2 protein chains.
Amino acid sequence: MPEPELDQIRQLLKSGGLRVTTPRTTVLQALLAAAGPVTQEQIAQALGKKAPNKVTIYRTLEAFIEADLVHRAFLKDRTWYFEPAHRCSQEQCHPHFSCTRCGRTDCLTEMKMPMAPPVAGYIVQHQRVQLEGLCPRCKAPLHSSAVDIPKTG
Amino acid sequence: MPEPELDQIRQLLKSGGLRVTTPRTTVLQALLAAAGPVTQEQIAQALGKKAPNKVTIYRTLEAFIEADLVHRAFLKDRTWYFEPAHRCSQEQCHPHFSCTRCGRTDCLTEMKMPMAPPVAGYIVQHQRVQLEGLCPRCKAPLHSSAVDIPKTG
DNA sequence: GCCGATGTGCAACTGAGTTGCAAGACAAAT
DNA sequence: ATTTGTCTTGCAACTCAGTTGCACATCGGC
Ligand SMILES: [Zn+2]
Ligand SMILES: [Zn+2]
Ligand SMILES: [Zn+2]
Ligand SMILES: [Zn+2]
C-alpha cells in the first residue's frame with residue numbers, strides 16, 4: 001500500500017477540525033489501508049517502526065471518532081476493532097461476520113439488513129448486527145486442505 | 001425474591017450433568033431472579049455475604065454455559081453480561097437494547113427480528129442484534145423529572 | 001519567529017477475566 | 001457410616017486492553 005494520497009489524508013484531518021500531526025496521518029493511513037476493522041495493536045504492527053506510542057494511538061482514534069472519521073465496529077475478545085466511518089449510515093453500520101472456525105471477522109458491506117420493527121416505548125437510533133458461522137474459507141474445505149487458523153481477522 | 005424453588009434449581013443442575021454445590025445453587029438462583037442479563041460483579045453483589053469467590057462465579061458461569069443453562073448475552077464496556085438460556089432459539093437470541101442516556105440494557109424478548117438474508121459463500125449459524133437509543137424511562141421525560149442515571153443496566 | 005492551545009510519550013495505574021495449586025466438598029462404592 | 005477418587009473451591013498472583021497524570025514537544029495563528 002504505497003502512500004494512499006497523503007495530501008488527501010491531510011485534507012480529511014482538516015475537514016474534521018483536527019490538527020495535522022505525524023501520528024494522526026500515519027494512523028489514518030493505516031486505517032484506510034486495512035482490509036477491515038483493526039485493533040490498536042494491529043495498527044501499531046502495521047506501522048512497525050513508525051508506530052506512535054500506544055496511548056497516542058488510542059487518543060488519536062478517540063479524536064477520529066469524535067470527528068466522525070472512524071467508529072468502533074465491534075468488541076471481540078474484550079478488544080475494540082476500529083474502521084473508517086464511510087459505508088455506514090447513521091442508522092446502522094454494515095453487519096459483521098465472525099467465523100467460529102478461523103476467528104476472522106468480515107465486513108458484510110453489501111448486506112441489506114432490515115431495521116428492527118418499532119417497539120412500544122423505545123426509540124431505536126442505532127442498530128448493530130453481528131453474525132456468526134462459517135466463512136467461505138472454512139465452509140466445506142475441499143479435500144483435507146483446510147485453512148491455517150490465524151489469530152485474528 | 002424468596003428462594004425460587006430451591007429443589008427445582010437442584011433439578012436443573014442435575015439435568016445439566018452438574019454436581020450440586022452451594023456456589024452453583026446460589027449463582028443460578030441469582031441469575032434466575034435477575035430481571036435481565038447480569039455481570040459477575042452484579043451476581044456477587046446480589047448474593048452479598050453469601051457470594052462465592054469471584055473466580056468461582058466465573059467458573060460456575062462457564063460450567064452453566066457448557067451445560068446450556070446460561071449464555072453470554074453481550075459484551076458492554078469490556079465486561080460480559082450473562083443470562084439464563086431460556087427464551088433463546090439456537091439461531092438467534094432476543095435483541096438487546098441499550099439506552100444511551102441511562103446506560104440500562106433491556107431484553108426485547110418480544111421482538112421478532114428477521115434473520116439476515118443469505119450471503120454468498122457464508123453459512124450464518126447465529127445472529128446477534130444490539131439496538132441503541134432511548135428507553136421508555138428516558139424518552140421525553142415529563143417535566144423535569146428525568147431518571148437518576150444509574151451505573152449499569 | 002513567538003506563544004498559547006493541543007498533542008505526544010512515558011510510567012504507573014485500572015479492572016475484568018484467567019491460571020496454578022493446595023485444600024475442601026461431592027457422590028459412588030463399600 | 002466410612003472410604004475413596006474425582007470434581008470444586010478459594011486464594012494469590014498474573015494478564016492484558018485500555019486509561020490517567022504529568023512533563024515535554026509540536027502545531028498553527030499572530
Ligand atoms: Zn473461517
Ligand atoms: Zn466493517
Ligand atoms: Zn434510559
Ligand atoms: Zn436478554
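Below, chains carry the letters A, B, ... as their sequence lines are ordered, and counting in each starts from 1. Since the model is a prediction, treat every value here as computed from it, not as a measurement.
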*asked:* Quick check for you: to the nearest 0.5 Å, what is the distance between B/Phe82 atom CZ and B/Gln42 atom CD?
replied: 11.0 Å

*Considering non-hydrogen atoms only, spot the tightest contact between A/Glu83 and A/Cys107 and give its length.*
OE1-SG, 3.4 Å

*What is the distance, rounded to the nearest whole Å, between atom CD1 of B/Ile57 and atom C1' of D/dT8?*
14 Å

*asked:* From CG of A/Leu61 over to C1' of D/dT19, roughly how many Å is that when rounded to an integer?
replied: 14 Å

*Ignoring hydrogens and angles, answer whether the base of D/dT6 and the side-chain atoms of B/Arg19 contain a donor-acceptor pair closer than 3.5 Å.*
yes

*Which residue, A/Thr22 or A/Leu75, contacts DNA chain D at a nucleotide closer to its 5' end, judged by nearest heavy atom?*
A/Leu75

*Could you state whether A/Leu32 and A/Leu47 fall into the same hydrophobic cluster, counting links through intermediate Ile, Leu, Val, Met, Phe, Trp or Tyr residues with side-chain heavy atoms under 4.5 angstrom apart?*
yes

*Atom CD of B/Glu62 and atom C1' of D/dT8: how far apart are they, to the nearest Å?*
15 Å

*asked:* Nearest whole Å is fine: how far is D/dT9 P from B/Lys50 NZ?
replied: 17 Å

*Which distance, rounded to the nearest 0.5 Å, do you find between the CD of B/Gln125 and the OG1 of A/Thr100?*
5.0 Å

*asked:* For B/Thr21 and A/Thr60, find the nucleotide of DNA chain C closest to each by heavy atoms; which residue's nucleotide sits nearer the 5' end?
replied: A/Thr60

_Side chains of A/Thr105 and A/Phe74 in contact at under 4.5 Å (non-hydrogen atoms)_ = yes

*Measure from CG on B/Leu18 to C1' on D/dT9 and round the result to the nearest Å.*
15 Å

*List the atom of A/Arg78, the atom of B/Leu75, and the distance in Å for their closest heavy-atom pair.*
N-CD2, 4.0 Å

*Between P of D/dT15 and CG of A/Asp77, the distance in whole Å*: 18 Å

*For residues B/Met113 and A/Pro117, report the shortest heavy-atom separation together with the two atoms involved.*
SD-CD, 4.4 Å

*Measure the distance from CH2 on A/Trp80 to C1' on D/dG18 and round it to the nearest whole Å.*
12 Å

_Both B/Tyr58 and A/Thr56 contact DNA chain C. Which one's nearest nucleotide lies toward the 5' end?_
A/Thr56

*Within this structure, what is the NZ-to-C1' distance between A/Lys54 and D/dG18, rounded to whole angstrom?*
7 Å

*Tell me what A/Arg24 touches on the nucleic acid: a base, only sugar-phosphate, or nothing, going by heavy atoms under 4.0 Å.*
sugar-phosphate

*5' to 3' contact window, DNA chain C with chain B (heavy-atom distance under 4.0 Å)*: C/dA16 to C/dA27

